[in-house]
Amino acid sequence: MEKRVRFKSSWLPWLLIAPQMAIVLVFFFWPAAQALRQSVMSQDPFGNNSEFVGLENFERLFADASYLESFKTTAFFSVLVAVCGLSIALLLAVMANRVLRGAGVYKTLLIWPYAVAPVVAGVLWLFMFASPMGVIAYWLRMLGLDWNHLLNSRHAMALIVVAAVWKQISYNFLFFLAGLQSIPKSLIEAAAIDGASPWRRFWTIVFPLLSPTTFFLLVINVVYSFFDTFGIVDATTKGGPGKETSILVYKVYYDGFKAMDMAGSAAQSVVLMCIVIALTVIQFRFVEKKVQY
Amino acid sequence: MVEHRPGLTFLTHAILLAGVAIIAFPLYLTLVASTQTAEQITQAIPMSMLPGTNALETYKIALFGGQSAAGSEITGSAPMMLVSLITALIIPLGKITMSMLSAFAIVYFRFPFRNLVFWMIFVTLMLPVEVRIGPTYEVVASLGMLNTYAGLSIPLIASATATFLFRQFFLTVPDELVEAARIDGAGPMRFFKDVLLPLSSTSIAALFVIQFIYGWNQYLWPLLMTTSEDMYPVVMGIKRLIGGDSYTEWNVVMATAILAMLPPALVVMLMQKWFVKGLVDTEK
């Protein structure tokens, strides 16, 4: 889409885009170029000597069992977060869409965790699961489950999933609710007159019509669990026990800033950029479809 | 509601109440913990779920620092709250100003390399700060911006979402308004100030809310960027209270957590309308 009427000036538009272009060039293109450059160089930790090594850093990366493990961990984590987060939010949104009284109050009380920083969410859940005073850890012990997320990798994974889902439900809920409200009432009423039960109406009418929203949220949730959960992991498990909950972003941080392997970290950054670009492309293709629909 | 089913209505409310309760439970526990003493929390197994009487003391230490009852020195979070507030204001203000100007240029002017500029901005949509922490850190360090507000905020300002939002919005503004402005003899900046700016006020408010929360909740970037204690945002301060080998004073941690959650949570609840609009708009 283009404007028919425009202003004429040879210098004003340049002045107007100058601030954004300056920031984009200095803080995006320069670092991205640096990452690409470092990823094909070998460098000592002090940054004094570097030489061109081609794709060696990537070969090293993909030959590294701990990196592949981190990939698996991240994939497992994001599937769990997306599936749990989406189904709970969908259930709540369908319910909130049904009620006549108090819908606004429920909405307000369900969306506030969006405002909580991931690292704070991590601290809150850590507190409930921490030994010995953690309330939930205590309840689990009563039920015969000896909770210890510092030693048991399944417990550690469960902890970060719960914290991540808790924070993301609000976002999913809002989008599902908006999606539900855009479904024409007449469709539901017609089905009800034909004698379809609420259960059946949901699965044959509402759920299929929600599929664009669901797909969009799926992508967003994967992006969220890949990139925005650093704070949760850092506050609760620090990637442990061992490397069992070390998701990709945590590993980039750890290898680059704790282990000082800049070349390895840069190669990981490049891989992450490719993942983000792929996810963005998927999201945009979906947006195009939604426009047609 | 299509038909009247009291049983179903009851179930609906029950599920919603359960949802609200589960979502709120961590918050309740945090509040309770912040009113007890550190000993009360760690010595009762599990901790008591009823409010204690130590609230005033705990919040005083959490805010202004000092010697705690257990004897450890605690850094107050009030200065950190100020750092968070300043960053959380610079980010939305900078982002909104910058992206409105560039969207105005892209939509209302024809100039060489306009498409190239557009695509250069578009690409940044794909690079969240988390994937480029190493190299961005080096750039910021070589510019001497470590431990400054500029370093904390500017690398997070540059993102395409806001520019796109305003571009989409400007494209829907009727051409007749430009024509009328030109007939009245208004130049481009006059048009921008007197026509576009007032028309964009809802988008600006919505973006502001979202970006304020985004800025307030930053953790990974300040973690790398700041080494001096007077530049720590409050979100980082909490994490530092539970790190280390010393005895963790959970009551202070939880009080600080409440303080850190309060501003963005209030923004979400009080400006709910803008918040929802901002979320839906920025994600298209």
(request) Determine, for Y250(A) and K238(A), whether the Lys NZ or Arg CZ falls below 6.0 Å from the six-membered ring centre while staying within 45 degrees of the axis. (result) no

(message) Taking side chain to side chain donor-acceptor pair (under 3.5 Å) as the cut-off, I'd like each qualifying pair that reaches into residues 10-23 of chain A, sequence neighbours left out, listed once.
(response) Q20(A)-S102(B), Q20(A)-T163(B)

(message) Tell me whether F25(B) at atom CZ has more than 12 heavy atoms from other residues, nucleotides or ligands lying less than 6.0 Å away.
(response) yes

(message) So for V223(A), is it side chain, backbone, both, or neither that comes closer than 4.5 Å to the heavy atoms of chain B?
(response) neither

(request) Could I get the full list of side chain to side chain contact (heavy atoms under 4.5 Å, CB included) partners for L116(B), not counting sequence neighbours? (result) F113(B), M120(B)

(request) Tell me, out of I157(B), L143(B), L27(B), I22(B), who's got the most heavy-atom pairs with chain A below 4.5 Å. (result) L27(B)

(request) Please look at A235(A) and chain B and tell me whether the side chain, the backbone, both or neither of the residue comes under 4.5 angstrom of a heavy atom of that chain. (result) both

(request) Pick one of side chain, backbone, both or neither for V119(A), based on which atoms fall under 4.5 Å of a heavy atom in chain B. (result) side chain

(request) Output the option from L220(B), V267(B), L223(B) having the highest count of non-hydrogen pairs under 4.5 Å with chain A. (result) L220(B)

(message) Looking at chain B, which one of W166(A), Y106(A), W112(A) has the largest number of heavy-atom pairs inside 4.5 Å, strictly under?
(response) Y106(A)

(request) Sort out for me which of R182(B), Q218(B), M49(B) touches chain A most, counting heavy-atom pairs under 4.5 Å. (result) R182(B)

(request) Against chain A, label V253(B) side chain, backbone, both or neither, depending on which of its atoms sit under 4.5 Å from a heavy atom there. (result) side chain

(request) Report the option among L266(B), L224(B), I106(B) that has the most heavy-atom pairs separated by less than 4.5 Å from atoms of chain A. (result) L224(B)

(message) Less than 4.5 Å to any heavy atom of chain A: does that hold for the side chain of P112(B), its backbone, both, or neither?
(response) both

(request) Check each atom of F257(A) against the heavy atoms of chain B and say whether the ones under 4.5 Å are side chain, backbone, both or neither. (result) side chain

(message) Does the plane of the ring in F230(A) sit parallel, tilted or perpendicular to the ring in Y253(A)? Use 30° and 60° as the thresholds.
(response) perpendicular

(request) May I ask you to check whether over 12 heavy atoms, not counting those of R190(B), lie within 6.0 Å of atom CZ? (result) no

(request) Counting only heavy atoms closer than 4.5 Å, note whether P113(A) contacts chain B via side chain, backbone, both or neither. (result) side chain

(message) With chain B as the partner, which of D234(A), V270(A), I136(A) has the greatest number of non-hydrogen pairs under 4.5 Å?
(response) D234(A)

(request) Check the pair L12(A) / F111(B) against side chain to side chain contact (heavy atoms under 4.5 Å, CB included), numbers first and verdict last. (result) CA-CA 10 Å; L12(A) 189 59; F111(B) 55 95; over 6 Å; no

(message) Please identify, among V140(B), V268(B), T136(B), I23(B), the residue contributing the most non-hydrogen atom pairs under 4.5 Å to chain A.
(response) I23(B)

(request) Would you mind checking which part of L279(A) comes under 4.5 Å of any heavy atom in chain B, side chain (CB onward), backbone (N, CA, C, O), both or neither? (result) neither

(request) Sort A35(A) into side chain, backbone, both or neither according to what part of it lies under 4.5 angstrom from a heavy atom of chain B. (result) both

(request) Give, for atom CG of D255(A) and atom OG of S269(A), the distance between the pair rounded to the nearest 0.5 Å. (result) 10.5 Å

(request) Go through the atoms of I169(A) and report whether side chain, backbone, both or neither lie under 4.5 Å from a heavy atom of chain B. (result) side chain

(message) Between K167(A) (side chain only) and Y114(A) (backbone N and O only), is there a donor and an acceptor less than 3.5 Å apart?
(response) yes

(request) Identify which part of S84(B) has an atom lying under 4.5 Å from any heavy atom of chain A, answering side chain, backbone, both or neither. (result) neither

(request) Just give me the residue among V117(B), L16(B), V107(B) that pairs up with chain A most often, heavy atom to heavy atom, under 4.5 Å. (result) L16(B)

(message) Can you tell me which portion of Y214(B) sits under 4.5 Å from chain A's heavy atoms? Options are side chain, backbone, both or neither.
(response) neither

